[in-house]
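Working notes, structure below.
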Amino acid sequence: MTTSLALSTPISAATEMGPTAAAAAQRRQILALQDVHAWYGESHILHGMTLSVAEGEVVSLLGRNGGGRTTTLRAIMGLVDRRKGSIRIAGAEVIALPPHRIARLGVGYCPEERGIFASLTCEENLRLPPSQAGGGMSVDEIYALLPNLAERRKTQGTRLSGGEQQMLAIARVLRTGSRLLLLDEISEGLAPVIVDRLLELITRLKSLNYTILLVEQNTHFVEDLADRHFVVERGQVVLHVTAAELASSAELLERYIGV
Ligand SMILES: Nc1ncnc2c1ncn2[C@@H]1O[C@H](COP(=O)(O)OP(=O)(O)OP(=O)(O)O)[C@@H](O)[C@H]1O
Ligand SMILES: [Mg+2]
C-alpha cells in the first residue's frame with residue numbers, strides 16, 4: 001500500500017471543481033493533527049494542536065504574531081526539535097518520521113523566507129528541486145501556469161521582484177510533485193496587485209485538487225479563498241470558522257486577531 005499523495009489525481013486529469021466545506025467533510029483527510037505538542041530546545045511552543053484538512057480543501061491558519069502558526073507547519077514537516085501527538089498524512093502516522101521521508105509523501109513546504117537560490121536564475125531554481133513524490137509539474141507546465149516566470153527565466157534570483165520570488169518559491173514546490181502544500185505568509189509585504197495574482201494562483205491550484213494549508217496574517221487574502229479557518233493562539237486552536245460562518249463571525253475573529 002502506498003500513501004503517497006502524488007498518486008491522487010494527476011494535474012492534467014484533474015477536474016475543475018471547487019469543494020464546499022460540506023463536501024470536504026466527506027472527503028479523504030489528507031492532513032490530520034491530533035493533540036500535537038512541539039518544542040524548540042526547552043521551549044514548549046505547540047500545546048495540543050488539533051486540526052484537519054481534507055483532500056482539495058484550502059484551510060487557513062490565522063492568528064496574532066508568535067501564536068505558533070509557523071511552528072505548526074514546521075512540526076508537520078518534522079522541522080522542530082521535538083514533537084509528540086499524532087500527525088497523519090493521507091492516513092499514515094508520520095510523527096516519528098524524519099523531514100525527508102515526510103516530503104516524499106508529497107508534502108511541500110514553502111517557508112516564509114521562500115528558500116530560493118539568489119545566485120541562480122529563475123529557470124535554474126525551477127530545474128533544481130528533486131521530484132519528491134513523482135508527477136511534479138514540468139518547467140513548461142510551470143511557465144504555462146505562471147507566464148511571468150517564463151519572461152524572467154534568465155533573471156537571477158536576487159533580481160526578481162518580491163512577487164516573482166514568491167511565485168518562484170511556490171513553483172519550486174509544485175515541481176516536486178507535492179499535492180499537500182504548506183504555505184507560510186505568501187502574501188506578506190506584497191503589493192495588492194501581486195496579492196491578487198497569488199489569489200488567482202491558489203484558486204487555480206485548488207481547482208486542480210491540491211490540498212492547501214495557508215498561514216496568513218492577511219484575513220482579506222483568505223476570506224474568499226479558504227473553505228475553513230483555524231485561529232491559533234499560544235500553540236492551540238482557539239477558534240474554527242467555516243467559510244459559511246465567516247461573515248457572521250467577523251466580530252469574534254476581530255477579537256482574536258485584531259490589533
Ligand atoms: N527557533 C526557535 N527557537 C525558540 N523559540 C522559537 C523559535 N522559533 C519560534 N519560536 C517561538 O515560538 C513561538 C511561536 O512562533 P511561530 O513562529 O510559530 O509564530 P507564528 O504564529 O508563525 O507568528 P509570526 O510568524 O507572526 O511570528 C514564538 O514565541 C517564538 O518566539
Ligand atoms: Mg510565522
Side-chain angles (χ1 to χ4, degrees), residues 31-53 58-87 89 94-95 97-100 102-103 107-116 162-163 165-170 172-173 178 180-191 194-195 198-199 201-202 211-223 225-226 228-241 246 249 252-259:
L31 175 67
L33 275 66
Q34 182 68 44
D35 195 26
V36 172
H37 291 250
W39 289 260
Y40 292 118
E42 294 294 300
S43 304
H44 188 175
I45 308 294
L46 298 188
H47 296 266
M49 283 289 304
T50 297
L51 62 87
S52 63
V53 188
V58 174
V59 167
S60 86
L61 288 186
L62 300 170
R64 291 202 178 92
N65 290 345
R69 295 162 303 144
T70 295
T71 305
T72 301
L73 301 190
R74 293 183 59 85
I76 294 165
M77 294 309 294
L79 296 170
V80 291
D81 293 335
R82 191 155 71 84
R83 54 190 185 149
K84 72 166 204 194
S86 169
I87 301 177
I89 308 284
V94 303
I95 197 82
L97 294 186
H100 70 277
I102 295 169
V107 190
Y109 173 44
C110 188
E112 207 173 348
E113 60 276 15
R114 296 174 186 154
I116 64 173
Q165 288 185 17
Q166 188 62 72
M167 298 288 181
L168 177 58
I170 297 169
R172 295 185 76 235
V173 174
S178 301
L180 168 60
L181 312 180
L182 312 177
L183 309 179
D184 200 349
E185 306 240 19
I186 56 173
S187 74
E188 195 191 16
L190 300 178
I194 309 296
V195 172
L198 277 174
L199 264 177
L201 173 62
I202 303 302
T211 303
I212 301 172
L213 183 59
L214 276 176
V215 165
E216 264 304 322
Q217 194 79 336
N218 181 353
T219 317
H220 297 301
F221 184 72
V222 290
E223 64 190 0
L225 189 62
R228 295 185 296 125
H229 311 269
F230 290 96
V231 178
V232 176
E233 209 173 272
R234 292 185 299 276
Q236 283 181 347
V237 169
V238 291
L239 185 67
H240 171 241
V241 178
L246 193 61
S249 308
L252 189 59
L253 255 180
E254 181 66 17
R255 216 180 307 153
Y256 278 109
I257 62 183
V259 282

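Atoms within each ligand, like the ligands themselves, are counted from 1 in listed order. Count residues from 1 along the sequence.
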For ligand 1, is there an N or O atom under 3.5 Å from any N or O atom of [X]?
{"X": "G68", "answer": "yes"}
{"X": "Q217", "answer": "no"}
{"X": "S43", "answer": "no"}

In this structure, atom 7 (C) of ligand 1 is nearest to the protein heavy atom Y40 CD1, 3.2 Å
Could you check whether any side-chain N or O of [X] sits under 3.5 Å from a backbone N or O of [Y], counting only pairs where one atom can act as donor and the other as acceptor?
{"X": "R172", "Y": "G115", "value": "yes"}
{"X": "R83", "Y": "I95", "value": "yes"}
{"X": "Q236", "Y": "H47", "value": "yes"}
{"X": "S43", "Y": "W39", "value": "no"}
{"X": "R228", "Y": "V59", "value": "no"}

For atom 21 (O) of ligand 1, the option (of H44, R69, R64) bearing the nearest heavy atom: R69
Considering V232, T71, L46, which one's heavy-atom position lies nearest to atom 15 (O) of ligand 1? T71
side-chain hydrogen bond (donor to acceptor under 3.5 Å, both in side chains) partners for [X], two or more places apart:
{"X": "T50", "value": "none"}
{"X": "N218", "value": "none"}
{"X": "E185", "value": "R69"}

Using heavy atoms and a threshold below 4.0 Å, how should the contact between T70 and ligand 1 be classified: side chain, backbone, both, or neither?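 Contact part for T70 vs ligand 1: both backbone and side chain.
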Excluding waters, which protein N, O or S atoms are within less than 2.8 Å of the Mg ion (ligand 2)? T70 OG1
Can you establish whether the number of heavy atoms outside H44 located under 6.0 Å from its atom NE2 is more than 12?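 Yes, the 6.0 Å shell around NE2 holds more than 12 heavy atoms from other groups.
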Protein non-hydrogen atom found under 4.0 Å from atom 30 (C) of ligand 1: no
